[in-house]
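Every chain is numbered from 1 and lettered A, B, ... according to where its sequence line falls, protein lines coming before strand lines.
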Amino acid sequence: MSDTVENQGRRDFIVVATNTMLAVGAAAVAYPFINQMNPAADTLALSSIEVDVSGIEEGQAITVKWRGKPVFIRHRTAAEIALADQVSMDDLRDPEGDMDRVEKPEYLVIQGICTHLGCVPLGQKIGEIKGDFNGWFCPCHGSHYDTSGRIRKGPAPTNLEVPPYAFLSDNVIKIG
Amino acid sequence: MFKRVSQIICAGGIAVLAGMGGMSPAMAAGGSGEIIEHEWTFDGPFGFFDKASLQRGFQVYREVCASCHGLEYIAFRNFADLGYSEAEIKAIAAEYEVADGPDEEGEMFTRAAIPADRVPSPYANENAARASNGGAYPPDLSLITKARPNGANYLYSLLVGYKDAPQSKDVPDGMYYNTAYSGNLIAMPQPLYGDDIELAVDGDTSVEALSADVVAFLAWAAEPEMESRKRTGIAVMLFLFVMCFVSYGSMRYIWADIKKK
Amino acid sequence: MSSPEFKNPVVKWIDHRLPVFSFMHHELHEYPTPRNLSYLWNLGSLAGLALVTMIVTGIILAMHYTPHVDHAFESVERIMRDVNHGWLIRYIHMNGASFFFIVVYIHIFRGLYYGSYKAPRELLWILGVLILLLMMATAFMGYVLPWGQMSFWGATVITNLFSAIPLIGDSIVVWLWGGFSVDNPTLSRFFALHYLMPFMIVGVVILHIIALHRFGSNNPLGIDVSGKQDTIPFHPYYTSKDLFGAMVFLTIFASAIFFYPNFLGHPDNYIPANPLQTPAHIVPEWYFLPFYAILRAIPDKLGGVLFMFGAIAVLFILPWLDRSPVRSGRFRPLFKMFFWVLLADCVLLGYLGGKPAEGIYVTLSRLATAYYFIHFLVILPLLSVVEKTRPLPQSISMPVTGAGMSAALAAKRGKADV
């Protein structure tokens, strides 16, 4: 070619520009194709729920489904609160104060998923085994949780998880 | 030579598209009704929805259409598109009852709707709808503008198309004369007469204005993605136009030595 | 073919054991391609692009779609409304089917004009017709999946075609349905097959490309490549040209997806399927309209079905119907004329397929159908004997030498006509 070096450079530029734009375009196309696997709008709409807790008698608990998993809400008695509050941190495998685990002491909101291997612990219904610490007992591998949902005995490594929640009013909790 | 051939290709492509365009109305031709071509904000590549009009349209739907026509693919949360706040949507939803259950005793129950719920339909099923409407089925409206040829204009023409029947036309009981409906006899009584609604959002309450509002609302219900689709489309088209030029440039550059021979 | 020298040691190591890089180099890089291909030769790679687009978007849609009569329509609406970018992916797939057919139809007519079906490319052509058949089956079953009114009634009408087969027809239809009407078993199997068949198409496309690379592309002059001076390497010449073509194609495609996504569809398919009520006008998707016109043109049930399938069947034997030794229509004045008549005839058939079967349309459909078959079965064999073709240029790179000025002029004139 008889082109000057300068001219050559300008023309090579067009090929580089084409390839760059092609790469940018491919990345832009990839985005929606990947994003479509994220939770859809209807799934997200159910990712937070509102629960009215006024109907729960003292000493009783309800189970609600949140993001496909059970959430335990227990209306604790004064005795249960006191029991949970008095535990020494040294006795806990996963030290956490009871007051750090609740918004209002009378309502304990925890995810009903054993932190060992994901079973649902017993102790929600009247008459069910509540374990050695009067909280919950996981029948799969024998983990015992106390009235604050903290692990006390058995193979589970950590306390039952507290989901993100807030009181919208005195009686309505928004979970998620 | 390249210019020649590209011209020919373009001409060919346009001819094919034009051919299909010619075919399309033929395929779509449904009725013999008169269709008014209304001017919509959502027409064309830069089309958008007028939120005030959508809110008025929703009110018309709620107070007039909803007694017979469902909106089954719309959830209350979708009304955020109309410009409502989360609290307003919650309040709107709470005015509806939806079926839920079974509860712990195994019974079905009803509860106030939440934003995640779909708008409940006025009838349990098609048979119930037909039974209450003298055998006619009031169709669900969530896709109506897509489910009729020239949907928005057709619906608008239908809503403003109730006229006195000409002498020659025999209108049986339970049927109404409408200039837009195919065959001119429709089982739906005239829904809007003008001034029949006290609008929460300021607007004209003539039959034409209310009809336009409710049609705009239904166009949104059928294609809630329309605004983002067209906006994305413009960006994509700009990118591709540039890409066409650039790739043409590199092709010419690469072919330069071949063409010299 | 020379073996490429790879500089990257990893590539070299792999290629020594698994020669994929050499293979790609031979078939996509140095692959010698006639230097005179027009833009009409872009359509093959565009069809490949369309196929890949359809498979990718299709797999994504299958992640969100529910093949059950009670949920299919709703799951499609969920894709359109709730799935992230679901509307985009569905509109690409929906319009992609139409654009795939546009590309393939142009590709086929290019082959018809330039005699690309002639020896030694008969199998290449036959594999192509096979791809068209598979595409039609796939498109038909895909159209059933949204379970709208047109889905349901289209499925009913098309499956009922098989009832025209004497004796066993009715049993075949029941077997296809898995019941006594189009219903849930039909939908499930159509979904399974709609997912399977694109991969069968990929298989045949691979054979199509192997057959193509055996003798290389035909070219606008229709004469054989006579030496190195007639060819250029595929890369970067035709890759850059294909890229430009792809961008033009995508621009048109994107304008449909983003601005007129339902232009090529039928509004009735946004009404959920109702087995008790047939829509006023049932029409297939536009790409089936010419065949639909042929079906309706024949006043006999079995006859209509036979002629419709016959319209494809004649394409399979086309290499033996047209015996003329000259490939390109540029050098065949009579053939060229009839080619344009055939193209007009097919467009007319498409137009008639979308019209109601009454009055003048029936007569026109019959005439157009008659011409279609006469073209292939009578005119082409006759032309191969009686037509006086123009002299051919001696080679692609030097059209002026050899046969002399007249051939070069003929080539020029031919160009002007295409």
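- At most 12 non-hydrogen atoms from other residues, nucleotides or ligands lie less than 6.0 angstrom from CZ of B:Phe245.
- Under the side chain to side chain contact (heavy atoms under 4.5 Å, CB included) criterion, A:Ile62 pairs with A:Val51, A:Ile56, A:Val64, A:Ile73, not counting sequence neighbours.
- Among B:Phe217, B:Trp40, B:Phe42, the single residue meeting the ring-ring contact (aromatic ring centres under 6.0 Å, His included) criterion with B:Phe49 is B:Phe42.
- In this structure, no portion of A:Ala28 lies under 4.5 Å from any heavy atom of chain B.
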Could you give me the CA-CA distance, side-chain angles and deciding distance for A:Glu96 and A:Arg101, then say whether salt bridge (charged side-chain N to carboxylate O under 4.0 Å, His left out) is met? CA-CA 8 Å; A:Glu96 211 177 352; A:Arg101 290 173 57 77; 3.1 Å; yes
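- Residues of residues 56-94 of chain B lying within less than 4.5 angstrom of chain A, judged on heavy atoms, are B:Arg77, B:Glu86, B:Lys90 in numerical order.
- Both the backbone and the side chain of A:Leu22 come within less than 4.5 Å of a heavy atom in chain B.
- With 2.5 angstrom as the limit on SG-SG distance, A:Cys119 and A:Cys140 come in below it.
- Taking the side chain as every heavy atom from C-beta outward, B:Asn133 and B:Tyr123 approach each other to under 4.5 Å.
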Derivation of the salt bridge (charged side-chain N to carboxylate O under 4.0 Å, His left out) call for A:Asp85 and A:Arg76: CA-CA 12 Å; A:Asp85 207 22; A:Arg76 299 191 295 182; over 6 Å; no
